[in-house]
S.K.: 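Supplied in structure tokens, the structure appears directly below.
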Amino acid sequence: MDGQAKLDAYRKKRDPGQTPEPFGGPSSSPGATREGAYVVHLHDARRRHYDLRLEVGGALESFSVPKGPTLNPGERRLAVRTEPHPLEYLHFEDVIPEGNYGAGPMIVWDSGSVRYLDEPAEEQLRKGKLEFELSGHKLHGRFLLVRLKDSEKDWLLFKKHDAFAAPGGDIVQEKPRSVLSGLDIGELGHASDIASELEARAAALDAPVGSIEPTMIPMRASPAPKGLLGSNYIFELKLDGVRCIARKNGADVLLQSRNLRDVSRVYPEVARAVHKLPAARLVLDGEIIALDQAGQPSFQRLAQRIHLAKGADIRRAETRIPVLFVVFDLLAIGDRDLRRLPLHARKELLQSLVRAPGEIRTLDMIEGDPTLLFDFCRERRMEGLVAKRSDAPYRPGPSRSYDWIKLKCERDDDFVVVGYTLGEGGRARLGALDVAAYEAGELRYRGKVGSGLDASSIEALLARLTPLRTDKPTARGPYNAAPRGRVHVRPELVVSVRFSGYTDDGNLRFPVFRGIRDDVAPEECVASPHADREEAEIERLAAESTHTGGAADEPTRVPVANPDKVLFPADGITKQDIAEYYAAVAPVLLPHLGDRPVMLVRYPDGITGKFFYQWNVPAGLPAWVPTLRVRLPGREDLLEVFHIRDEATLLYVANLGTIPIHVIASRVPHLEEADFFNIDLDVSGGTFANVITLARSLEDLLKQIGLTGFPKTSGQSGLHVFVPLGPAISYETARALADLLGHMLVRRHPDIATMERSKQRRGPRVYVDTGQTGASRTIVAPYALRAVPGARVSTPLTWDEVDDTLDPRAFDIRTVPRRVARIFDPMAALLTETPSVLAAIERLEKLALGRHVA
DNA sequence: GAATGTG
DNA sequence: CACATTCAACGCGAG
DNA sequence: CTCGCG
């Protein structure tokens, strides 16, 4: 039977002048079909049913399945074999008008590719037993069709036992919508209602009437600025695909690349899906991606389609390398131009337009804390994130603002220098370093590091490397090209390199020189694309926890074991009291903890018993407890610390017998940058009245140089003053600033203040301690409970409160919750202020100089 | 305080 | 089964 | 070198 004859039955039933259904010509590829495309239609004809259509020999073998497919291997579904349909039917979704055969709406409920197992499809169909494997939007895995005895047309459809089998649930009920248009079958005939509702919403938001020229350049993201983002950003994964602006105007669809090239014919399935969206006119912005076996976007896979030009090649590629259009912005709908609307408004309209994931889907975004997404991204070795201001308009063209920001997943690691290449001009003597790392006991070349080298580091490196010169390569290659020459050295010098990942051949991607590491032995450099074992292990754990855990499993109530255990014997305060305290201050405490690695101080037997500090989370942590995997600056080991960003996690650590919680002055992912420094006014041999005097004087000093101090009681007998810094401030700078301020304070009050470390030499003076500022140095968090009799709290104050009536003993486990309810958090602005530190340093230098001269 | 390891 | 072990850290000046 | 100190 050739293709033509196969479709006779189909043609006989239909009138090409009356039905929108396709009448494709014969497509003959006789013989042995091993794979192809498939579609499952949901058809609301006289009876609602599903049509499973499998590509076999240039046509679609069709089975009508009244109850639809199931993922439950225990169930069987009747499948009635019907007349073969033309291949074009793969993309058919429309309402078949009254009076025609099969009148009623029909949606593409699922589509994808099919692979026939064991034997070609024709052979299996003849024998009455067809085994196949589907890979689509909704259906996956192995299925089996078996012909009933004594019947030609009656078959049974089974799901085979495999990883995709799902005994519970009902996929046709859970995912009723079209994978083409996102509509459900009832909506198909009323798409224009959806469109007009969306237009009305756009009009209500004051989106102007206007059209978008096809010459509009897509909005670009800027490279990340150093330091912190504001709080009003949303985060999206940066997908490894090609940018696409899609326009629909009636029946016309135009897909444009980043450079406005017309790619409509390169991705016909995307064009078809855009055509089916429920709006006559629209403009979408998104990314076209191809997924690899593991379901991750793979640019390498997509690359096989980008350059296809011939129609036949593209048709074949459609099933072999399917692509998705992941949309992240809606720029126009109907006659409304949405670009001036804030992003969140455009996103809301987009969600209503793209109603279900299929060939077109919307890009997931998260609001608030991007840490988990960043971790996910790192684990999957994905490019990074894009942060977008949720209140920003769409600004076409090259980035002019930080409304969209690229955040790369970057890594720092140490590598052994095995040589260097010669460059040009100022780089004639050293162009780039050749670096390597140990793998399986031998040095493997990992690429050239040229960025980040300035004149002084080049001098320093040359001084160190020249004595190590040797005439043979010391690492296993292949080495990158060195057109101007190369010098080999013995593998003795270690450098720190920041990079964003590995290329396919195992070299560093975007490496930047960070400095010489004298504290690391060459043998310790074991960074590799396959990651070191510890990291791999932790990532495995993380993968498990994201798999099994998540917000859904988070307990609404965290049980407190031994609630009546007394942890403050003098005050009779129990573990339950502590948990209740932390729950009460959670609204003000959590913002100070979020994104910061924390260190717990645990007193399992109360404040008079043994205690210990704890960074790493204990083994066997429940999956719902979020953690951060961090590499603190100056340390090569990976920590997995608690990520206390919700009340449940806070209560979990309270239950462990945690009394104070310490934080560091950095937030992920910039652990090498301080976002505040701390000056500790420790009573020592002095008086609290003098602490007050010094604090006021410090406030005055800070004000003069344009900085703001945030005072808090230490919870013991002193005051801490936290000073927020702008973005990208190194700990060295922060420490220098703190020290300078400390010295000036002492100079102003030599009789009552000292920075003397030795207790004896301090005498009756207040100790101004600036030594608490430093990478991976911890500080008692605001609102942390201290392990002292009276259960005092390190309590943020307003400057008004810092006067001679201040009694730090008044802030304890009982009083602080009431205070928080009344005045909330005087220190909240610590997290948002970003003063100009450069300007502050300049003013400070002038101030210091003036005093010196006087 | 809780998990893991050891006698 | 009972019991032990583990749970942080770094620089600096004095002795 | 170890100790105390924060």
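Note that the structure is a prediction, hence the values are computed from the model and not measured. Note that these values count all heavy atoms, side chains included, but never hydrogens, waters or copies made by symmetry. Residue numbers begin at 1 in each chain, while the letters A, B, ... track the order of the sequences.
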S.K.: Work out which heavy atom in A:L745 is nearest to a heavy atom in A:L698; give both atom names and the distance.
M.R.: CD1-N, 3.8 Å
S.K.: In whole Å, what is the span from the CD atom of A:Q716 to the C1' atom of D:dC5?
M.R.: 14 Å
S.K.: Under the ring pair (Phe, Tyr, Trp, His ring centres under 6.0 Å) rule, collect the residues that match up with A:Y613, sequence neighbours excluded.
M.R.: A:F611
S.K.: Using modelled atom types and a 3.5 Å cut-off, is there a donor and acceptor pairing between side-chain atoms of A:D571 and backbone atoms of A:I573?
M.R.: no
S.K.: State plainly whether the residues A:R696 and A:D700 are in salt-bridge range, i.e. N to O under 4.0 Å.
M.R.: no
S.K.: Suppose we screen for ring pair (Phe, Tyr, Trp, His ring centres under 6.0 Å). Which residues come up paired with A:Y581, at least two apart in sequence or across chains?
M.R.: none
S.K.: Please report the distance, rounded to the nearest Å, between OH in A:Y767 and P in D:dC5.
M.R.: 12 Å
S.K.: Under 4.0 Å between a Lys/Arg side-chain N and an Asp/Glu carboxylate O for A:R596 and A:D675?
M.R.: yes
S.K.: Let me have a per-nucleotide readout for nucleotides 2-7 of chain B, 5' to 3', with B, S or -, counting only protein heavy atoms under 4.0 Å.
M.R.: SS----
S.K.: Any protein N or O atoms within reach of nucleotides 11-15 of chain C? Criterion: under 3.5 Å, listing atom names and distances.
M.R.:
unit_1	atom_1	unit_2	atom_2	d
C:dG11	N2	A:R757	NH2	2.8

S.K.: Expressed in angstrom and rounded to an integer, what is the separation of A:Y613 atom OH from D:dG6 atom P?
M.R.: 12 Å
S.K.: For the pair made of CG in A:D680 and C1' in D:dC5, what is the distance, rounded to whole Å?
M.R.: 13 Å
S.K.: Under the ring-ring contact (aromatic ring centres under 6.0 Å, His included) definition, can you give me all pairs with a residue in residues 745-804 of chain A, not counting sequence neighbours?
M.R.: none
S.K.: Which residue pairs pass the ring-ring contact (aromatic ring centres under 6.0 Å, His included) test with at least one member in residues 676-695 of chain A, sequence neighbours excluded?
M.R.: A:F676-A:F722
S.K.: A:F612 has an atom CZ; how far is it from atom P of C:dA9, in whole Å?
M.R.: 14 Å
S.K.: Less than 4.0 Å between a side-chain N and a carboxylate O, is that true for A:E439 and A:R446?
M.R.: yes
S.K.: Between C1' on D:dG6 and CZ on A:R735, what's the gap in Å once rounded to a whole number?
M.R.: 11 Å
S.K.: Can you tell me, in whole Å, how much space there is between the P of D:dG6 and that of C:dC7?
M.R.: 25 Å
S.K.: Whole Å only: how far is the CZ atom of A:R762 from the C1' atom of D:dC5?
M.R.: 8 Å
S.K.: Rounded to whole Å, please give me the gap between CG in A:L600 and C1' in C:dC7.
M.R.: 10 Å
S.K.: Go through C:dA8, D:dG6, B:dG1 for me and flag the one nearest to the A:W615 side chain.
M.R.: C:dA8
